[in-house]
Amino acid sequence: MDMKWVETFLVAAKHENFRKTSELLFLSQPTVTAHIKHLERELGISFFKRSGRHVYLTEAGRRFVPHAEKLVESYYDEVQTLESFKQGFQRKITVAVAPYIASAILPRFLSSFLHRYPKIEVMINVVKSMEISSELESGRADGGLSRMPVSHTICKSILQDSVILAVPPSSKNESLFSLFHQHRLLINNHPFYWEEILPSIQQTYKGVKTMVVNQVEITKRFIKEGLGMSFLPFSVVEGEVKKGKIDAVPFSTFPLPASNLYVA
């Protein structure tokens, strides 16, 4: 059985339209029809019924869809396994990683790991911190790096990062009251500490305006453009602070929590 036939079947089954299938797969329509006929002949059953220019899945076709999906997935898994073997890998691990960890922290650890274990193939799956538990439970990941504790598995903190007030460039000489009066506070870009510090900020700096920006990279861009300020782990903005693109302001109104890196 040619896997191209199965792939053509799945696209045709989704759209029930051979012309659209040919456009999506960059095949001629006669080639799509030939793939379907080859597959039907191979398995001895019809997957589509035709009514004029329209095609519809038969009951057999509907039943075959999940099996076809498994066939394609298994096929490409095996191809990937073979390719890994050809490259000299003896084992593969998948690590679910929170976005900011993947961009700001992981590279320094990954380089050392790859050098020490050259025969392990590492697959990085970037997901939100709150999704890492489900990735581990489902078996889609062998390990995880998160900004918050991971439930239902062994989890420990391996790195503690200080949290700083990151403000637009050339703002560090302003008083805290002036900063909170002039700039919006960009919140919810960390899954752990905002519930702890936001009520205290709102109580101390009456009338502070907030804006929800749940992506760290977008938060940094907004700060650099003067659109707001935020409390961020220092490692996230260390490069920008050194280059003068973001200022780090001392904050002593109340103790700030640390940002931890958890491994599971």
Side-chain angles (χ1 to χ4, degrees), residues 1-99 102-103 106 110 113-114 117-145 152-153 214-215 217 264:
M1 182 187 303
D2 192 323
M3 202 53 56
K4 291 181 181 178
W5 305 345
V6 182
E7 292 176 328
T8 302
F9 163 79
L10 285 172
V11 177
K14 179 179 180 180
H15 298 284
E16 293 187 313
N17 186 312
F18 285 5
R19 180 186 59 79
K20 187 171 184 64
T21 299
S22 69
E23 292 173 355
L24 292 171
L25 295 179
F26 301 100
L27 299 172
S28 67
Q29 193 165 327
T31 299
V32 170
T33 301
H35 283 185
I36 299 300
K37 286 184 176 179
H38 287 318
L39 184 62
E40 291 176 330
R41 190 178 301 116
E42 177 87 10
L43 298 177
I45 196 166
S46 295
F47 291 133
F48 292 93
K49 55 185 176 182
R50 294 158 179 79
S51 176
R53 296 182 178 180
H54 300 286
V55 294
Y56 305 92
L57 274 174
T58 62
E59 180 62 25
R62 282 190 290 272
R63 288 175 177 269
F64 184 61
V65 167
H67 299 290
E69 291 172 340
K70 291 178 182 178
L71 277 173
V72 172
E73 181 180 0
S74 176
Y75 172 78
Y76 284 107
D77 282 347
E78 291 302 319
V79 169
Q80 181 60 48
T81 299
L82 182 59
E83 184 61 32
S84 297
F85 176 77
K86 286 164 57 180
Q87 293 181 34
F89 294 117
Q90 296 177 352
R91 182 185 172 194
K92 180 175 75 174
I93 61 172
T94 300
V95 184
V97 185
S103 62
L106 182 60
L110 188 58
F113 182 89
L114 295 176
Y117 302 101
K119 293 187 181 299
I120 296 180
E121 181 181 15
V122 180
M123 310 290 287
I124 303 299
N125 183 20
V126 180
V127 298
K128 295 179 180 178
S129 288
M130 59 281 295
E131 297 173 355
I132 290 178
S133 288
S134 62
E135 291 294 303
L136 293 169
E137 291 171 10
S138 67
R140 291 189 295 270
D142 302 298
L145 292 172
H152 308 300
T153 188
N214 60 12
Q215 291 290 327
E217 292 302 320

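Treat the numbers as computed from the prediction; the structure is a model and nothing was measured.
Checked by atom type and distance alone, the side chain of Thr58 pairs as donor or acceptor with a backbone atom of Ser46 at under 3.5 Å.
Applying the salt bridge (charged side-chain N to carboxylate O under 4.0 Å, His left out) test to pairs two or more places apart or on separate chains, none has a residue in residues 29-48.
Closest non-hydrogen pair, Ile132 versus Ala98, comes out as CD1-N, 4.0 Å. Across all non-hydrogen atoms, the minimal contact from Leu57 to Lys49 is O-CE, 4.2 Å. Closest heavy-atom contact between Glu135 and Val127: CG-CG2, 4.2 Å. The two residues Val6 and Ala68 come nearest to each other via the heavy atoms CG1-CB, 3.6 Å. The minimum heavy-atom distance linking Asn125 with Thr94 is given by the pair CB-CG2, 4.4 Å. Nearest heavy atom pair, residue Phe18 against residue Arg50, reads CE2-NH2, 3.7 Å.
Partners of His38 by ring-ring contact (aromatic ring centres under 6.0 Å, His included), not counting sequence neighbours, listed by chain and number: Trp5. Shown here are the ring-ring contact (aromatic ring centres under 6.0 Å, His included) partners of Phe9, two or more places apart in sequence or in another chain: Phe47, Phe48, Phe64.
Atoms CD and CG, from Glu131 and Leu136 in turn, are 12.0 Å apart once rounded to the nearest 0.5 Å. Interatomic distance, NZ of Lys4 versus CD of Glu7, reported as 8.5 Å (0.5 Å rounding). Note that the CZ atom of Phe26 and the OG1 atom of Thr21 stand 13.0 Å from one another [nearest 0.5 Å]. For the atom pair CG of Leu106 and CD1 of Ile124, the computed distance is 5.0 Å after rounding to the nearest 0.5 Å. Distance CZ/Arg19 to OG1/Thr33: 13.0 Å, rounded to 0.5 Å. Distance check: His35 NE2 to Asp2 CG gives 6.5 Å after rounding to the nearest 0.5 Å.
No more than 12 heavy atoms of other residues, nucleotides or ligands lie within 6.0 Å of NE2 in His54, so this atom counts as exposed by the packing criterion. Dense packing is recorded around CZ of Arg140, with more than 12 heavy atoms of other residues, nucleotides or ligands lying under 6.0 Å away.
Between Glu59 and Arg62 there is a salt bridge, with a side-chain nitrogen of the basic residue lying less than 4.0 Å from a carboxylate oxygen of the acidic one.
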